[in-house]
Amino acid sequence: MTHTTTIKVSKPAHRLAKRWTAPDALLRLLSPLAILLIWEITSRTGLVPARVIAAPSEIGSTLWELISSGELLRHLLVSLQRAVTGLTIGVAIGVAVALFTGLSRRGEIALDSPMQMLRTIPSLALVPLFILWFGIGEFTKVALIVMGTTFPIYLNLFAGIRNVDPKLVEAAHTLGLSRRELIWHVILPGALPSFFVGLRYSLGISWLALVFVEQINTTAGIGYLASDARDFMRTDVIVICLLIYSVLGLLIDGLIRTLERLALAWRPSFVGT
């Protein structure tokens, strides 16, 4: 009788067990944490003096003090009010003028040239004139933010309206759509992506303008807090103000991108590979 022997060959352990990989979110945190660690060590050892920049631990302690005292919230609400008011008015003006010039040839002839001339004037160059006209109150600060945020919306929405696919317009005429229906169902949806691009640009400019206007005779606001800290060489407070500007800008930009995805859910787009 012949006996057969079966030899089992075990697979390597690394093939049997699923190989563990670190999540991308964790890997992205490694370099910022390393920078913070090096920053803390160099500050504690005196290689980086406090007058140049405070240590992360000191910045964190100061941040907690500002939050617990309510001072940070008070300045933050004032800055947000200025930025949101200026951005809202600027966007409204930019949209209105872009619709008028983009949808009408006569409107373009009448208003596009003045808008292009005003666009080339730096907003900061208008500060002396605005102060003479309106004083140094809140109106001047909001007006400067409006001047900075109007033109990105105008340029992008105007370009979006004029770049709508002519074949879509021709198809709409073939289907018998009226001018109002053409604008509502074809032109405005086609220009919506450009509107959101302009809105994101305007958002960034509103923060830049806010930093400057809050240096003009203010008693409250994140910019005032940073300016006051500069006089007392408080680098920890200045860094906190910069972090607030960046975090708020990132959060609001994320909100706009979410609105963009919802509003353009009907439009397929390339998301990267």
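Distance check, rounded to the nearest 0.5 Å: OG of S104 to CG of L111 gives 9.5 Å. Between I187 atom CD1 and R162 atom CZ the span is 9.5 Å, to the nearest 0.5 Å. Atoms CD1 and NE2, on I222 and H75 in that order, are 7.0 Å from each other to the nearest 0.5 Å. Distance CG/L129 to OG1/T140: 10.0 Å, rounded to 0.5 Å. In this structure, OG1 in T235 is found 9.5 Å from CD1 in I240, a value given to the nearest 0.5 Å.
Side-chain contact between T218 and R82 is present, with heavy atoms from C-beta onward closer than 4.5 Å. For the pair V127/F212, a side-chain contact is recorded, criterion being any heavy-atom separation below 4.5 Å from C-beta on. For the pair S43/E58, no side-chain contact is recorded, criterion being any heavy-atom separation below 4.5 Å from C-beta on. L203 has its side chain within reach of S206: a pair of non-hydrogen atoms, C-beta onward, lies under 4.5 Å apart. Counting only heavy atoms from C-beta outward, the side chains of I153 and Y201 never approach each other to under 4.5 Å. Side chains of I67 and L73 form no contact here, defined as non-hydrogen atoms less than 4.5 Å apart. At least one side-chain heavy atom of L72 sits less than 4.5 Å from a side-chain heavy atom of I244. Counting heavy atoms from C-beta on, the side chains of L99 and L188 come closer than 4.5 Å.
When all heavy atoms are compared, the tightest approach of L155 to Q116 is CD2-NE2, 3.5 Å. Looking at every heavy atom in both residues, E181 comes nearest to L177 through OE1-CA, 3.4 Å. For the residue pair A226 and I238, the shortest heavy atom distance occurs at O-CG1, 3.9 Å. The nearest pair of heavy atoms linking V186 to A172 is CG2-CB, 4.0 Å. Nearest heavy atoms, I161 versus A98: CD1-O, 3.8 Å. Between W207 and G249, the shortest heavy-atom contact is NE1-CA, 3.4 Å.
Between E260 and R257 no salt bridge is recorded (no basic side-chain N to carboxylate O distance below 4.0 Å). We find that D165 and K167 are not joined by a salt bridge, their nearest charged nitrogen and carboxylate oxygen being 4.0 Å or further apart.
Between the side chains of E40 and S57, a donor-acceptor pair is found at a separation under 3.5 Å. A donor and an acceptor atom, one from each side chain of R230 and S227, are located under 3.5 Å apart. Counting only N and O atoms by type, the side chains of R119 and T150 include no donor and acceptor under 3.5 Å apart.
Proximity of a side-chain donor or acceptor of S79 to a complementary backbone N or O of L76 within less than 3.5 Å is not detected. Side chain of N156 to main chain of P152: a donor-acceptor pair is present (N/O by atom type, distance under 3.5 Å, no hydrogens or angles). N163 contributes a side-chain N or O that, together with a main-chain N or O of A159, makes up a donor-acceptor pair within less than 3.5 Å.
F139 CZ: 12 or fewer foreign heavy atoms inside a 6.0 Å radius. More than 12 heavy-atom neighbours from other residues, nucleotides or ligands sit within 6.0 angstrom of CZ on R74. Summarising the local packing, CD of Q215 is surrounded by more than 12 heavy atoms from other residues, nucleotides or ligands at distances under 6.0 Å.
The hydrophobic cluster containing L208 does not contain Y154, counting ILVMFWY residues as joined when their side-chain heavy atoms lie under 4.5 angstrom apart, directly or transitively. Under the 4.5 Å side-chain contact rule for hydrophobic residues, I145 and F134 share a cluster.
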Check against salt bridge (charged side-chain N to carboxylate O under 4.0 Å, His left out), E108 and R105: CA-CA 5 Å; E108 179 185 4; R105 180 64 179 170; 2.9 Å; yes
